[in-house]
J.: 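The structure that follows is given in the form of structure tokens.
Heads up: numbering here begins at 1 and tracks the sequence.
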Amino acid sequence: MTAALCNDVLVLGVDEAGRGPVLGPMVMAAVAISGRKAGALSRMGVRDSKAFGAGADAQAARAALVPRIRGLAEAVAVRVVDVDDIDRAVRRGDLNRLEREHALVLIRVLPEVRRVLCDGARLFGPLATTVPHLKALDRGEEAHVAVAAASVVAKVRRDEIFACIAARYRREFGPLAGGGYCNAPTRAFLRAYVERYRRLPPEARRSWPHAGVLDLLAPGFDPLSTLPPGPGDQLSL
């Protein structure tokens with residue numbers, strides 16, 4: 001294969017942001033980019049979204065890269081996985097399967113590529129039987145900038161969504177820091193909300209542990225009892 005042809009080969013990277021928080025959705029992204037333009041992304045500083053750290057400066061640095069990623073990529077796609085869908089999957093013990101289903105949709109809506117790289121060997125490995133040119137690996141962001149770019153795109157979109165959640169509650173509960181992860185600011189917000197309304201906020205994942213508020217809820221309260229059924233209850237991957 002000539003160098004020119006190598007440079008034209010498209011690689012698709014898939015990654016997610018927000019699998020672990022107690023508040024807000026998970027976001028998955030896919031970025032298809034040629035070898036020629038992948039190097040430009042690396043020189044711009046595109047890397048694993050977690051490598052930027054936390055806080056306003058990190059958010060701004062990631063956000064500034066997204067237009068440049070979109071400008072150089074052949075295609076970019078994003079899927080937002082709602083908290084109800086996550087809770088239904090966790091109730092069935094199928095969160096990995098749900099994530100694979102969304103990854104497969106991303107792969108199928110983007111242009112055909114020579115290679116697909118997904119971050120997470122055990123998580124995405126089963127997709128190799130469906131997508132023969134797919135490789136699932138741990139620390140995928142280090143293997144190819146396409147995966148790193150997907151991680152940045154997913155993280156920025158999740159940050160945008162969480163900013164909307166925080167704005168919704170700012171007047172009543174003050175600033176909502178912590179990104180919705182299981183940390184002190186998130187626990188403080190959840191307790192204040194449950195103290196006032198005696199239920200979890202709609203943006204909370206019912207399937208995550210809520211030990212810090214159970215004393216405020218009715219004895220034997222089952223957060224999942226209010227979860228409606230949905231199409232996500234029937235998954236095939």
Side-chain angles (χ1 to χ4, degrees), residues 9-21 24-34 38 41 46-51 62 65-66 69-70 72-162 180 205 207-208 230-237:
V9 168
L10 287 179
V11 174
L12 177 66
V14 179
D15 206 351
E16 55 78 19
R19 180 181 168 98
M26 176 171 63
V27 178
M28 298 189 64
V31 174
I33 193 162
S34 68
L41 286 186
V46 174
R47 58 195 187 277
D48 180 11
S49 62
K50 298 182 183 67
R62 286 189 295 260
L65 287 171
V66 171
I69 292 170
R70 290 185 175 275
L72 287 169
E74 180 73 17
V76 176
V78 176
R79 288 182 69 82
V80 177
V81 187
D82 187 71
V83 293
D84 282 356
D85 291 333
I86 293 171
D87 285 335
R88 292 186 194 103
V90 173
R91 181 171 61 185
R92 298 188 308 269
D94 277 341
L95 182 57
N96 286 354
R97 187 176 296 185
L98 176 70
E99 197 166 338
R100 287 194 291 270
E101 181 181 72
H102 283 279
L104 189 57
V105 172
L106 289 170
I107 293 166
R108 287 175 170 169
V109 301
L110 291 187
E112 186 174 349
V113 299
R114 184 69 59 86
R115 287 198 302 159
V116 176
L117 299 176
C118 297
D119 184 45
R122 289 187 61 189
L123 173 58
F124 292 112
L127 285 181
T129 60
T130 305
V131 184
H133 51 290
L134 180 145
K135 183 175 183 181
L137 64 167
D138 296 327
R139 303 171 70 99
E141 304 90 345
E142 299 175 6
H144 199 284
V145 72
V147 184
S151 77
V152 169
V153 170
K155 176 61 174 170
V156 169
R157 182 65 184 126
R158 185 181 142 77
D159 284 346
E160 291 169 349
I161 295 171
F162 188 78
R205 301 182 188 182
S207 54
W208 264 228
D233 287 330
Q234 298 297 322
L235 295 174
S236 59
L237 293 180

J.: Identify whether the distance between the nearest side-chain nitrogen and carboxylate oxygen of R139 and E142 falls below 4.0 Å.
T.: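 Between E142 and R139 there is a salt bridge, with a charged N closer than 4.0 Å to a carboxylate O.
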J.: Quick check for you: to the nearest 0.5 Å, what is the distance between M28 atom CE and C118 atom SG?
T.: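 Answer for the CE-SG pair, M28 versus C118, is 7.5 Å.
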J.: Might you work through the side chain to side chain contact (heavy atoms under 4.5 Å, CB included) test for M26 and R205, ending with a clear yes or no?
T.: CA-CA 11 Å; M26 176 171 63; R205 301 182 188 182; 4.2 Å; yes
J.: Please identify which of these residues, V14, L12, L134, L137, meets the side-chain contact (heavy atoms from CB on, under 4.5 Å) condition with L117.
T.: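 Among V14, L12, L134, L137, the one meeting side-chain contact (heavy atoms from CB on, under 4.5 Å) with L117 is L137.
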J.: Could you give the distance from NZ (K155) to CD (E160), rounded to the nearest 0.5 Å?
T.: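 One finds 11.5 Å between NZ of K155 and CD of E160.
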J.: Looking at A103 and F124, what are the two nearest heavy atoms and their distance?
T.: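 Closest pair (atom of A103, atom of F124, distance): CB-CE2, 3.5 Å.
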J.: Please report the interatomic distance CG(L10) to CD1(I33), rounded to the nearest 0.5 Å.
T.: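 L10 atom CG to I33 atom CD1 measures 9.0 Å (nearest 0.5 Å).
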J.: With rounding to the nearest 0.5 angstrom, report the OG1 to CZ distance, T130 to R108.
T.: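 Output value for this atom pair is 6.5 Å.
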J.: Let me confirm one number: the CG-CG distance from D94 to D85, rounded to the nearest 0.5 Å.
T.: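 Atom-to-atom, D94:CG and D85:CG are 12.5 Å apart.
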J.: So which heavy atom on I86 is nearest to which on V81, and how close?
T.: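 Nearest pair, atom of I86 first, then V81: CD1-O, 3.7 Å.
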J.: Measure the CG-CD1 distance between D82 and I161 for me, rounded to the nearest 0.5 Å.
T.: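 Spacing of CG (D82) from CD1 (I161) equals 9.5 Å.
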J.: Without swapping roles, check the side chain of S207 against the backbone of R91 for a donor-acceptor pair under 3.5 Å.
T.: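 The answer is no, because no donor-acceptor pair under 3.5 Å joins these two groups.
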J.: With side-chain hydrogen bond (donor to acceptor under 3.5 Å, both in side chains) as the test, pick out the partner of N96 among E101, R19, R122.
T.: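 Option passing the side-chain hydrogen bond (donor to acceptor under 3.5 Å, both in side chains) with N96: R19.
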J.: Could I get the full list of side-chain hydrogen bond (donor to acceptor under 3.5 Å, both in side chains) partners for R62, not counting sequence neighbours?
T.: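 With sequence neighbours excluded, R62 shows a side-chain hydrogen bond (donor to acceptor under 3.5 Å, both in side chains) to D159, given in chain and number order.
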J.: Which heavy atom in V113 sits nearest to a heavy atom in A32, and how many Å separate them?
T.: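 V113 and A32 have their closest heavy atoms at CG1-CB, 4.3 Å.
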J.: Check L123 against R100 and note the closest heavy-atom contact, atom names and distance.
T.: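 Minimum heavy-atom contact is O-NH1, 2.9 Å.
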J.: Does any N or O in the side chain of R114 come within less than 3.5 Å of the main-chain N or O of V11, such that one atom is a donor and the other an acceptor?
T.: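 Such a contact is absent between R114 side chain and V11 backbone.
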J.: Do D15 side-chain atoms and A150 backbone N/O form a donor-acceptor pair below 3.5 Å?
T.: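 Flag not set: sc D15 to bb A150 has no pair under 3.5 Å.
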J.: Give the minimum heavy-atom separation between G120 and A136, together with the two atoms involved.
T.: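 Where G120 meets A136 most closely, the heavy atoms are O-CB, 3.5 Å.
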J.: For R79 and L106, which heavy atoms make the closest approach, and how far apart are they?
T.: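 In this case the closest contact between R79 and L106 is CG-CD2, 3.6 Å.
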J.: So R115 and H133, side chain to side chain contact (heavy atoms under 4.5 Å, CB included) or not? Walk me through it.
T.: CA-CA 5 Å; R115 287 198 302 159; H133 51 290; 5.6 Å; no
J.: Is it the case that the side chain of R47 and the backbone of A148 share a donor-acceptor pair, with hydrogens and angles ignored and the cut-off at 3.5 Å?
T.: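 Pair absent, no side-chain N/O of R47 close to backbone of A148.
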